[in-house]
Amino acid sequence: MIPPGIGHNGGPPLEEEPDPGGGRLFLWKRAHRKAWKTPPPEIALRRLARAEELGMTYRQYTLEIMERGKYL
């Protein structure tokens with residue numbers, strides 16, 4: 001297996017094959033769940049309102065925050 005190159009996010013493979021790393025898929029799924037954990041109601045409502053102002057869904061807006069590291 002070729003090691004991942006620069007820019008690889010370490011996520012699971014797109015093809016269905018066993019995980020030779022013994023836990024990389026588990027760790028990636030756990031990190032994904034942690035990143036998408038529901039925030040407190042005040043924050044979720046504020047994000048929802050801002051997403052609607054921008055014509056985006058809540059999920060799209062939250063993804064932009066996670067990708068850019070700053071608010072739109």
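Please read all numbers here as calculations on a predicted model, not as lab measurements. The analysis underlying the following values was restricted to heavy atoms, covering all of them including side chains, and did not include hydrogens, waters or symmetry mates.
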**Student:** What distance do Leu48 atom CG and Glu52 atom CD have between them, rounded to the nearest 0.5 Å?
**Tutor:**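 So the CG of Leu48 and the CD of Glu52 are separated by 4.5 Å.
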**Student:** Could you name each residue pair satisfying side-chain hydrogen bond (donor to acceptor under 3.5 Å, both in side chains) that touches residues 32-45, not counting sequence neighbours?
**Tutor:** none
**Student:** Please report, to 0.1 Å, the donor-acceptor pairs under 3.5 Å made by any side chain of residues 54-67, with sequence neighbours excluded.
**Tutor:**
{"residue": "Thr57", "atom": "OG1", "partner": "Gln60", "partner atom": "N", "Å": "3.1"}
{"residue": "Thr57", "atom": "OG1", "partner": "Gln60", "partner atom": "OE1", "Å": "3.4"}
{"residue": "Gln60", "atom": "OE1", "partner": "Thr57", "partner atom": "N", "Å": "2.9"}
{"residue": "Thr62", "atom": "OG1", "partner": "Tyr58", "partner atom": "O", "Å": "2.9"}
{"residue": "Glu64", "atom": "OE1", "partner": "Arg68", "partner atom": "NE", "Å": "2.5"}
{"residue": "Glu64", "atom": "OE1", "partner": "Arg68", "partner atom": "NH2", "Å": "3.1"}

**Student:** Once salt bridge (charged side-chain N to carboxylate O under 4.0 Å, His left out) is applied, do any residues pair with Arg50, and if so which ones, sequence neighbours excluded?
**Tutor:**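 With sequence neighbours excluded, Arg50 shows a salt bridge (charged side-chain N to carboxylate O under 4.0 Å, His left out) to Glu53, given in chain and number order.
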